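These notes are about the structure you will find just below.
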Amino acid sequence: MRSFAFEPFDLPPETERLRAEVRAFLAETIPHRTARERAESWMGLDPAFSRKMGERGWLGMTWPKKYGGHERSFAERYVVIEEMLAAGAPVSFHWIADRQSGPLLLRFGTEEQRQAILPRIARGEVCFCIGMSEPGAGSDLAGVRTRGHKVEGGWRVSGQKIWTSNAHVATTMIALVRTSEGERHTGLSQLLIDMTSPGVTVRPIENLTGAADFNEVFLDDVFVPESMLIGQDGNGWKQVNAELAYERSGPERYLSSIRIFQEFLRVIGPEPTEAERLFIGQVTAQMWTLRQMSLSVAGKLSRGEDPMADATIVKDLGTTLEQMLPPAIQALVPPDHLVFFEDINSGVTIGHGAPIADRDFNSTLAYLVQASPSFSLRGGTREILRGIIARELGLR
Ligand SMILES: Cc1cc2nc3c(=O)[nH]c(=O)nc-3n(C[C@H](O)[C@H](O)[C@H](O)COP(=O)(O)OP(=O)(O)OC[C@H]3O[C@@H](n4cnc5c(N)ncnc54)[C@H](O)[C@@H]3O)c2cc1C
């Protein structure tokens with residue numbers, strides 16, 4: 001049986017100065033963001049905020065300067081991301097582009113694509129969405145049916161994508177498309193699709209919390225020029241898998257529920273009960289361990305290694321913690337602090353029972369109780385991740 005090695009990695013002390021800078025920026029830039037808004041974590045959207053981050057040089061941080069990057073270390077990037085998530089900053093507009101589309105283009109894109117696109121990502125001007133999932137192809141991604149027919153100068157693409165986060169605001173989609181028949185895992189390609197192209201229709205899907213941040217995307221005979229192919233025609237499957245390591249290992253995979261933990265600490269005050277103390281200790285230890293594991297994966301990615309399995313373990317353990325937090329806190333907090341039937345968008349209490357003891361706490365908890373079931377679906381489901389881990393261990 002194979003095993004994994006999460007090599008310990010400590011952030012260099014000099015990153016603490018950057019951490020202080022980021023905290024000062026956040027205190028100045030988003031002082032009035034409510035706890036409920038901060039609970040949206042990396043789904044909070046504000047294009048102006050993304051541009052401000054670009055101005056500070058905090059997007060495309062590790063990329064070469066010739067592509068608009070800043071040639072800073074992955075440890076520095078980690079500190080910025082960690083602070084953004086801890087503060088619940090509205091990072092969604094640039095998130096996917098900075099986290100995975102940019103690195104994908106750096107690795108597989110043409111020189112022309114890198115020069116044209118990466119500086120715009122680093123300035124926070126563009127929003128990317130990921131067009132992988134389809135109605136009949138989620139876990140079974142190799143089953144995508146969106147088809148690109150070869151025509152003079154490019155492809156004509158037709159099909160349907162679903163659950164596409166931010167498609168309604170995105171400038172560009174990186175779509176996984178079948179460009180030739182053959183084996184299931186060959187014949188797939190990644191294409192950059194301009195979301196303003198004729199034939200692209202985006203329809204929002206409302207989720208359990210009432211927000212509509214993912215969508216259905218219909219592609220009807222959309223022309224995609226040859227220059228928009230990423231990497232090699234037919235190599236899409238391998239490229240997507242490389243991309244998923246960026247998607248699965250970051251601190252966003254264990255910090256999505258951090259706001260309710262912060263609110264919990266605030267509400268219980270300086271003298272927690274025995275049960276609360278025990279809970280705080282357990283959660284803190286788990287978070288710290290996940291942070292070390294996530295840092296280890298970030299280190300491997302920065303050295304050009306392919307830590308697919310390690311990243312998968314971080315996501316599986318991380319989302320387990322993120323999903324455990326809201327119901328565990330719900331069970332611990334005295335009932336007179338809670339009203340669970342508050343409509344989280346209007347703030348109106350639609351149930352009956354106790355008065356609202358603490359609106360920030362309640363609305364944050366209500367939001368995360370409803371949002372957290374999706375944490376183990378986005379980016380690959382728990383069952384699929386465990387299948388990958390088993391395969392990497394040589395168990396299947
Ligand atoms: C909030 C959110 C945002 C998302 N954003 C995007 C996005 O931006 N772009 C994008 O392309 N997709 C996105 N997705 C889609 C996501 O990647 C898929 O939902 C996910 O991969 C699961 O696919 P599915 O929904 O088709 O479920 P299915 O694949 O139909 O799975 C249904 C259930 O069956 C289980 N299952 C399936 N196959 C197996 C198997 N072989 N062994 C054991 N169990 C199995 C699954 O674990 C799951 O529990 C998003 C999803 C969510 C919830």
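In each ligand, atom 1 is the first atom listed, and ligand 1 is the first ligand listed. None of the values given here were measured: they were computed from a predicted structure. Heavy-atom basis, side chains included; hydrogens, waters and symmetry copies ignored.
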To which protein heavy atom is [atom] closest, and what is the distance rounded to 0.1 Å?
atom                    : answer
atom 4 (C) of ligand 1  : W163 O, 3.4 Å
atom 51 (C) of ligand 1 : R378 CA, 3.9 Å
atom 11 (O) of ligand 1 : S133 N, 2.7 Å
atom 46 (C) of ligand 1 : T381 OG1, 3.5 Å
atom 41 (N) of ligand 1 : I384 CD1, 3.9 Å
atom 21 (O) of ligand 1 : G138 C, 3.8 Å
atom 27 (O) of ligand 1 : S139 OG, 4.2 Å

If you count the atoms of ligand 1 from 1 in the order shown, which ones are under 4.0 Å from a heavy atom of [X]?
X    : result
M132 : 11 (O)
I130 : 7 (C), 8 (O), 9 (N), 10 (C), 11 (O)
F214 : 1 (C), 2 (C), 3 (C), 52 (C)
L377 : 16 (C), 20 (C), 53 (C)

Does [X] pair with [Y] as a salt bridge, N-O distance under 4.0 Å?
X    : Y    : answer
R253 : E322 : no
K150 : E226 : yes
D316 : R386 : yes
E181 : R147 : yes
E7   : R303 : yes

Are the aromatic ring centres of [X] and [Y] under 6.0 angstrom apart?
X    : Y    : answer
F264 : F279 : yes
F9   : F74  : yes
F25  : F49  : yes

Any protein heavy atom nearer than 4.0 Å to [atom]:
atom                    : result
atom 13 (C) of ligand 1 : yes
atom 38 (N) of ligand 1 : yes
atom 30 (O) of ligand 1 : no
atom 33 (C) of ligand 1 : no

Tell me whether the count of non-hydrogen atoms from other residues, nucleotides or ligands lying under 6.0 Å of CD in E28 goes above 12. no
Do any nitrogen or oxygen atoms of [X] lie less than 3.5 angstrom from nitrogen or oxygen atoms of ligand 1?
X    : value
S165 : yes
E383 : yes
S374 : no
E134 : no

List the residues meeting side chain to side chain donor-acceptor pair (under 3.5 Å) with R19, not counting sequence neighbours, and say none if there are none. E16, E82, E83
Applying side chain to side chain donor-acceptor pair (under 3.5 Å), can you list everything that pairs with R77, at least two apart in sequence or on another chain? D98
Starting at OH of Y254, measure out to OG of S294 and round the result to the nearest 0.5 Å. 4.5 Å
